[in-house]
Amino acid sequence: MSAEPLIVERATREWQDLDTRHYLHPFTDYKSLAAEGARVITRAEGVYLFDSEGQRILDGMAGLWCVNVGYGRRELAEAAFAQMQELPYYNSFFKSAHPPAIELARMLAELTPPQFQRVFFSGGGSEANDTIVRMVRRYWDVLGQPERRVIISRENAYHGSTMAGASLGGMAAMHAQGGLPIPDIVHIEQPYWFANGVDVSPEEYGIRAARRLVEKIEAIGPERVAAFIGEPIQGAGGVIIPPDTYWPEIQRICREYDILLIADEVVCGFGRTGRWFGSQHFGFEPDFMTLAKAITSGYQPLGAVMVADRVADVLVEKGGEFHHGYTYSGHPVACAVAIANLTILAGEQLVDRVREDIGPYLQKRWRELGEHPLVGEVRGVGLIGALELVAHKPSRTFFRNRGEAGLRCRDHCFANGLVMRAVRDTMIIAPPLVLTREQADELVGKAWKCLDLTARDLGIRVG
Ligand SMILES: *Cc1c(COP(=O)(O)O)cnc(C)c1O
């Protein structure tokens, strides 16, 4: 160990100046960040972040939906340290392999639903979805149906930021930059009952939203459609939880038209809903699963594509060489950390705990926020939730200036020691799975206070 620390201590102002001068952040308006200065997070423990001013902040988003086992887990640090000494890097190209990647592949085959026995590793969720686009098209090529190229996704989906990931995603603001989507990726309505379906029951609306898929398939021509992709619960799109009728109907349609079904489990995977995977919560069986984020609880960058036997058998038996791969596919340190992380998730029964204990407790408390005059709908399952902020509660009317209330609320939360994210005027949470009941109370208490402060800003009476 060197005597000098690698990263010296600096005053907040100094960090902010250097940050502005040299660091281009993701999803950031550079000019407005420079005017405000970044919040500099210096350390974290359990469910709490600490910033350079020493403020303690309850991380209601588990980083970016990923730190499921909480911050400061020694087991993960030790797994990385040990693996770096043993074998810090080697690849799996050219008929090579190494124990961490093989062992993690075995564990994932065991943890995931029975149709999955094989996995392809990437550096994160975006790259995993790029891999899926290529595998899906390769699969149909090998089967002699090369005209099956179109992948159907949904509005406001988030599938990453690479060219294919952003194209699969349904974010209009992303498509508007850089000439997206790439060809043969199209989008249908998202199953967003509160925005699109309040004229009918959620169950009826779920079927209606799923039937948009039939309309799209028929419009394109069924012989051209390769796959459908969806997050079991749309995360970055605003925690859109589809009615229970939605996914079974989507699966029925995919089977009827022989279309591959892809579940992007990057947010829902590894316990978020109280099941290991969101597709298990909603009761459907995908042909691919995209995994990332909580696969390592964010301690190392890693993504994975679970490939069902139906597809993998074709690629293995008849596919020849698959011309695709990343330098860091199956990175040994990331895989070792993933193994340690999955060992904690299983050993501490954190997924069961979400389903049977802390999930129901948080949801009960979270629903109390529905009493607030600013809140038009509360939804959630397990340890994921959303609040719809509305201008007029009885008529469920959205604010005319969409997004302003959300941003104000988010800023109040940060200033009051809580990370809650805003998507337009939807406030969302996805805290670490190790959240205690006391911390759930703290989260809900702070959220209520910040809703009050937001209502005051907007001139809405809170009684
Ligand atoms: C975050 C996310 C991705 C992209 O993962 P990266 O690791 O950021 O590339 C893909 N899909 C979903 C559902 C996500 O939430």
Side-chain angles (χ1 to χ4, degrees), residues 25-28 61-68 119-136 151 153-171 173-175 180-181 185 187 190-192 227-242 247 261-273 276-279 281-282 286 288-306 326-331 334-335 337-338 341 381-386 421 423 426 428-431:
H25 295 214
F27 285 102
T28 295
M61 283 302 299
L64 281 177
W65 328 82
C66 48
V67 188
N68 282 17
V119 60
F120 189 100
F121 290 116
S122 66
S126 308
E127 286 181 358
N129 280 325
D130 276 52
T131 298
I132 290 177
V133 170
R134 299 204 59 200
M135 271 193 185
V136 161
I151 301 177
S153 179
R154 296 158 326 155
E155 292 159 4
N156 280 323
Y158 188 76
H159 298 297
S161 252
T162 52
M163 294 292 278
S167 296
L168 291 170
M171 302 290 184
M174 292 176 77
H175 290 175
L180 302 178
I185 294 178
H187 301 82
Q190 58 181 154
Y192 189 179
F228 174 80
I229 184 169
E231 303 150 80
I233 294 172
Q234 284 186 325
V239 180
I240 309 301
I241 305 177
W247 277 111
L261 177 53
I262 306 159
D264 183 335
E265 294 269 6
V266 172
V267 162
C268 292
F270 305 103
R272 182 59 54 200
T273 65
W276 276 90
F277 300 98
S279 47
H281 173 80
F282 289 105
F288 286 94
M289 291 201 307
T290 319
L291 307 177
K293 294 193 172 121
I295 192 171
T296 59
S297 283
Y299 281 59
Q300 282 285 292
L302 181 69
V305 176
M306 298 306 304
Y326 306 109
T327 300
Y328 298 134
S329 283
H331 191 286
C335 289
V337 170
N341 175 59
V381 59
L383 284 191
I384 187 168
R421 182 164 152 188
V423 178
T426 310
I428 61 178
I429 55 159

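Residues take their numbers from the sequence shown, with the count starting at 1. Values below: every heavy atom of this structure, side chains too, minus hydrogens, waters and symmetry copies. Counting starts at 1 for both ligands and their atoms, in listed order. It should be emphasised that the depicted structure is a prediction, and the values quoted were computed from it without experimental measurement.
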Ligand-residue contact atoms, ligand 1 with [X], heavy atoms, under 4.0 Å:
X    : answer
V267 : 15 (O)
G125 : 4 (C), 5 (O), 6 (P), 7 (O), 9 (O)
H159 : 10 (C), 11 (N)
D264 : 10 (C), 11 (N), 12 (C), 13 (C)
E231 : 13 (C)

**Request:** For ligand 1, note which part of K293 has a heavy atom under 4.0 Å away: side chain, backbone, both or neither.
**Result:**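 Side chain only; the backbone of K293 stays clear of ligand 1.
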**Item:** W65, portion touching ligand 1 at heavy-atom distance under 4.0 Å
**Value:**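 Near ligand 1, W65 shows nothing, with every heavy atom at 4.0 Å or more.
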**Reported CG-to-CD1 distance for the pair L180 and I185, which is rounded to 0.5 angstrom** =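 The CG atom of L180 sits 9.0 Å away from the CD1 atom of I185.
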**Message:** If we ignore hydrogens and angles and just use 3.5 Å, is the side chain of T296 paired with the main-chain N or O of A338 as donor and acceptor?
**Reply:**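 Between the backbone of A338 and the side chain of T296 there is no qualifying donor-acceptor contact (under 3.5 Å).
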**Asked** Distance-only, no hydrogens or angles: does the S167 side chain make a donor-acceptor pair with backbone N or O of G165 under 3.5 Å?
**Response**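 Absent.
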**Prompt:** Relative to atom 8 (O) of ligand 1, which among G124, P26, S126, C268 owns the nearest non-hydrogen atom?
**Reply:**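 Considering heavy atoms of G124, P26, S126, C268, the nearest to atom 8 (O) of ligand 1 sits in S126.
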Closest contact, heavy atoms only, [X] versus [Y]:
X    : Y    : value
A164 : D130 : CB-OD1, 3.4 Å
S122 : A304 : OG-N, 3.9 Å
I229 : S153 : CG2-CB, 3.6 Å

**Item:** Minimum-distance protein heavy atom relative to atom 12 (C) of ligand 1
**Value:**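 The answer is Y158 O, 3.3 Å.
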**Message:** Students often mix this up, so state it plainly: with edges at 30° and 60°, are the rings of H187 and H175 parallel, tilted or perpendicular?
**Reply:**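 Rings of H187 and H175: tilted, 30 to 60°.
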